[in-house]
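Single-structure report; data block below.
Lettering follows sequence order; numbering is per chain, from 1. It should be emphasised that the depicted structure is a prediction, and the values quoted were computed from it without experimental measurement.
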There are 2 protein chains.
Amino acid sequence: MPRPTIKTIAQETGLSIATVSKALNDSPQVRPETRALVVAAAARVGYQLNMHGVQLRTGKTYQVAAIMTAPGPKQNEWEGVEYAQLLSGISWALEDSPYRVALYAVRTFEESLTTIRQIVSLKKADGIIVSGTHADDPRVRIMQEADFPFVTYGTTIHNAPHAYVDADNEQMIRHAVARLAERGHRRIALINPMAELSYSLTRLQAYRGALDVAGLSFDPALVAHGHLTPAFGRENVLVMSTRPDAPTAYICANEASALGAFSGFHARGLVHGRDAVINATDDLNVSQYFAPPITTYFLPIHEPSEMLGRYILRRMEGEAPQALQTLIMPKLIERSDDRLMSG
Amino acid sequence: MPRPTIKTIAQETGLSIATVSKALNDSPQVRPETRALVVAAAARVGYQLNMHGVQLRTGKTYQVAAIMTAPGPKQNEWEGVEYAQLLSGISWALEDSPYRVALYAVRTFEESLTTIRQIVSLKKADGIIVSGTHADDPRVRIMQEADFPFVTYGTTIHNAPHAYVDADNEQMIRHAVARLAERGHRRIALINPMAELSYSLTRLQAYRGALDVAGLSFDPALVAHGHLTPAFGRENVLVMSTRPDAPTAYICANEASALGAFSGFHARGLVHGRDAVINATDDLNVSQYFAPPITTYFLPIHEPSEMLGRYILRRMEGEAPQALQTLIMPKLIERSDDRLMSG
DNA sequence: ACAATAAAGTTAAACGTTTTTATTGTGCGG
DNA sequence: CCGCACAATAAAAACGTTTAACTTTATTGT
């Protein structure tokens, strides 16, 4: 027995396939009693909409493309792990909709650009979710010019307004710097993501602003930009800690780099809380198991990720991007008092 | 100007759409010169195959469903991070094929079961990749009964032969236990995944076998089964280390639990290498940054994940599952000598 | 030279929908 | 009681592709 179609229902009810289709789509053109008849018959024969027919007819794909910029195979460093939770959050948000998440794993920014260009021009998806935004992001421009629905994880700085979700990096870094300054730290290092990323710039500016407010001077030698791997965090502690005026506090952009920083402490014989302290943002709940646990800013990642899913749905329904912009303030988790030991 | 179709090419070349279709699909029914003509015209007008038409006509979806069992939103523990790398590996392996990865995030085993049932019965994908196999896995049975192409990440024990990729848990655990025994350890704890998982059983049996070989006795109190979170690793160290005959070595099934075990050491004032040691399998390159670094069995995760992608392609082409079974032996990375301090 | 065969195309149908256009029947005002 | 508007349904076309069945032309064997 072949899979039932609207034709099956039409025969079953004696109606035409047109009426069946309209009934199933809640068209006002069909009498409620007729609709009930159709619905009953559909249930009876076990009808399930065949998406291929719909897709061909309407041109809609019912796919949301998730662009995932993950490090290449040779790169064995611990990086990009947050994608797993990001993707599942998106997937769950789309669960009750007809949309599915189609994964596009790319290795580089350029590759993501060509991938997006292709998705847009060939309509391979109805919406796009992209992360790792640049301050001036050409991908955003492409999608905007084509009037293609999209949501970014991360803000942009020089682009026209668009839908986004992000942590409130500005507030978070200002708070972190102020808190450390209050506790006596005067040399605060910033382990920052790659410079071209929008949130890297946001953090840097917030950092400088907060230093100003605290009456501390800015030293470019205490700021590092790079891939947020453990190797990167370690590297920077090894270098910075041997300076004549070594930092007494490190603000790491994520837990991977914080773990690396710890490893650097160990290599240099530094003791956390005595010689210097580490704080981290983008906590994934790993830091609480560090020895000793460190102070972090925690953002349960399912919040922004489910929001990305909900936003892309609303964006695909035509809602204005301005209404779909959210910065989430992560919560401070103080696992260490982080006071400067006068030494 | 609307998007060009085979009809456009037909008009352009004066051929029928049937011939154009055959030419583009390398049918032997069309002359090489004609084919060249068609290909040239296709390039000229910028033709791109519209998948929706193909899908409707052939019933193929060109989607590979990746079932990702991720912990629910409330579960903030660091778990399942390896999925990010797994997914990108699969995605890369499918890159040059017409297939895409469609993500199905589920919360529980039961949910994965109903999801798979649906994908199979409604043909929502052409192939399935599923992980977290049970010793006797009903999902495998469902797919086999429907003759649906699939590959599992992880073996099964009681199911009929099928395509799989996995780490060689048997060899790995045997090696790990033998190595620790050689170094003088007589109380070796096994921090194992949840008991219903196939590889949990494999590991347990290998563990017992290796204990036998080394002339050590098996103590159920030194084996723990559960979700491989840091919390779980910590918990078990806290409990086991207070026993009268506490273990002198812990074999953790992944880095998350190893990290938690470290945290447990810290809480109990245990020193790694003096009071006890930790080894881990399923290294994601985090352990090298632990302080001190620990001995692990390392498997570059892009290897099994790309293999999953290649295998599902071959499986969908009809290749026998028996030809698509691989166990990969992870490489020992000895970061600590792990000798028992007689004390 | 002629039927049989093969090669290379063409025609037409089909996949399952949605949607535009056409048809039917009904109630209503005049 | 006639025509008209309107509601409800039906008919038909369309989306882009593949493929079975058919036609034409050239080639072969006798």
Side-chain angles (χ1 to χ4, degrees), chain A residues 1-42 45-63 98-100 121-126, chain B residues 1-42 45-63 98-100 121-126:
Chain A
M1 61 272 81
R3 180 168 163 183
T5 70
I6 52 172
K7 204 167 166 184
T8 318
I9 302 179
Q11 286 166 347
E12 191 83 358
T13 56
L15 295 163
S16 73
I17 62 162
T19 309
V20 172
S21 172
K22 287 174 185 160
L24 292 173
N25 289 301
D26 287 331
S27 159
Q29 287 179 37
V30 34
R31 269 211 336 272
E33 305 96 78
T34 311
R35 182 186 341 281
L37 232 61
V38 168
V39 170
V45 301
Y47 171 74
Q48 288 281 138
L49 179 60
N50 183 327
M51 276 301 180
H52 295 332
V54 181
Q55 288 170 332
L56 177 57
R57 174 62 223 230
T58 64
K60 295 195 66 175
T61 65
Y62 290 100
Q63 305 221 346
Y99 293 91
R100 289 290 126 222
S121 68
L122 298 178
K123 261 207 167 301
K124 288 177 105 64
D126 299 331
Chain B
M1 62 270 88
R3 177 168 168 184
T5 69
I6 52 171
K7 206 168 166 183
T8 319
I9 302 180
Q11 286 164 348
E12 190 83 1
T13 57
L15 296 163
S16 74
I17 62 162
T19 309
V20 172
S21 173
K22 287 174 187 161
L24 292 174
N25 288 302
D26 287 331
S27 158
Q29 286 180 38
V30 35
R31 272 212 331 275
E33 305 97 78
T34 312
R35 183 189 337 282
L37 233 63
V38 168
V39 170
V45 302
Y47 170 75
Q48 288 280 140
L49 179 61
N50 183 327
M51 277 301 182
H52 294 333
V54 181
Q55 290 171 332
L56 177 56
R57 173 63 222 232
T58 65
K60 295 197 66 174
T61 65
Y62 291 100
Q63 306 221 347
Y99 293 91
R100 291 291 124 221
S121 69
L122 297 179
K123 260 208 169 300
K124 289 177 103 63
D126 299 330

In whole Å, I'd like the distance from the [atom1] atom of [X] to the [atom2] atom of [N].
| X | N | atom1 | atom2 | answer |
| --- | --- | --- | --- | --- |
| A:L37 | D:dA8 | CG | P | 15 Å |
| B:Q55 | C:dC15 | CD | C1' | 12 Å |
| B:N50 | D:dG16 | CG | C1' | 6 Å |
| A:L49 | C:dG16 | CG | P | 12 Å |
| A:I17 | D:dA10 | CD1 | P | 11 Å |
| B:H52 | D:dG16 | NE2 | C1' | 10 Å |
| B:L24 | C:dG9 | CG | P | 13 Å |
| A:N25 | C:dT20 | CG | P | 13 Å |

Worksheet item: Where each residue is assigned the nucleotide of DNA chain C containing its nearest heavy atom, which of B:L15 and B:L56 is assigned the position nearer the 5′ end?
Response: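 Final value for this comparison: B:L15.
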
Worksheet item: Quick one: on DNA chain C, does B:T58 or B:Q29 contact a more 5' nucleotide (nearest heavy atom)?
Response: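 Checking each residue's closest nucleotide, the 5'-ward one belongs to B:Q29.
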
Worksheet entry | Structure string for DNA chain D in dot-bracket form, Watson-Crick and G-U at under 3.5 Å, | interchain | ||||||||||||||||||||||||||||||

Item to complete: Report yes if a side-chain nitrogen or oxygen of A:R31 is closer than 4.0 Å to either non-bridging phosphate oxygen (OP1 or OP2) of D:dA7; otherwise report no.
Response: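 No.
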
Worksheet item: Closer than 4.0 Å, any side-chain N/O of B:T34 to the OP1 or OP2 of C:dG9?
Response: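 Yes, such a contact exists.
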
How about [X] and [Y]: do any of their side-chain heavy atoms sit closer than 4.5 Å?
| X | Y | result |
| --- | --- | --- |
| B:V20 | B:K7 | no |
| A:R35 | A:D26 | yes |
| B:R3 | B:T8 | no |
| B:M51 | B:L49 | yes |
| A:I9 | A:V45 | yes |

Worksheet item: If each of B:G53 and A:G14 is mapped to the nucleotide of DNA chain D with the nearest heavy atom, which maps nearer the 5' terminus, i.e. the 5' end?
Response: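 Closer to the 5' end of DNA chain D: A:G14.
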
What distance do [X] atom [atom1] and [Y] atom [atom2] have between them, rounded to the nearest 0.5 Å?
| X | Y | atom1 | atom2 | answer |
| --- | --- | --- | --- | --- |
| B:I6 | B:Q11 | CD1 | CD | 11.5 Å |
| A:H52 | B:T61 | NE2 | OG1 | 5.5 Å |
| A:L37 | A:L15 | CG | CG | 6.5 Å |
| A:Q29 | A:T34 | CD | OG1 | 12.0 Å |

Worksheet item: A:Y47 and A:P4: which non-hydrogen atoms are nearest, and at how many Å?
Response: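 Closest approach of A:Y47 to A:P4: CD1-O, 3.4 Å.
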
Worksheet entry | Which nucleotide in C:dT21, D:dT17, D:dA13 has an atom nearest any side-chain atom of B:Y47 |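 Closest nucleotide among those given: D:dT17.
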
Discussion item. Nearest to the B:T19 side chain among C:dA8, C:dT18, C:dT10, which nucleotide is it?
Written reply: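 So the nucleotide nearest the side chain must be C:dT10.
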
Discussion item. Just to be sure I understand the geometry, which residues of residues 3-13 of chain A put a non-hydrogen atom under 4.0 Å away from DNA chain C?
Written reply: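 Heavy-atom cutoff 4.0 Å gives A:T5, A:I6.
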
Fill in: Short side-chain to backbone donor-acceptor contact, A:N25 and A:S27, under 3.5 Å
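A pair under 3.5 Å: no.
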
Worksheet item: Are the side chain of A:Q63 and the backbone of A:R100 linked by a donor-acceptor contact shorter than 3.5 Å?
Response: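 No, A:Q63 side chain to A:R100 backbone: no donor-acceptor pair under 3.5 Å.
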
Name the pairs: protein N/O against N/O of nucleotides 23-27 of chain C, kept only if under 3.5 Å.
none

Item to complete: Mark yes or no for a side-chain to base donor-acceptor pair under 3.5 Å between A:K60 and C:dT17, with no hydrogen or angle criteria applied.
Response: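 Flag unset: no donor-acceptor pair detected.
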
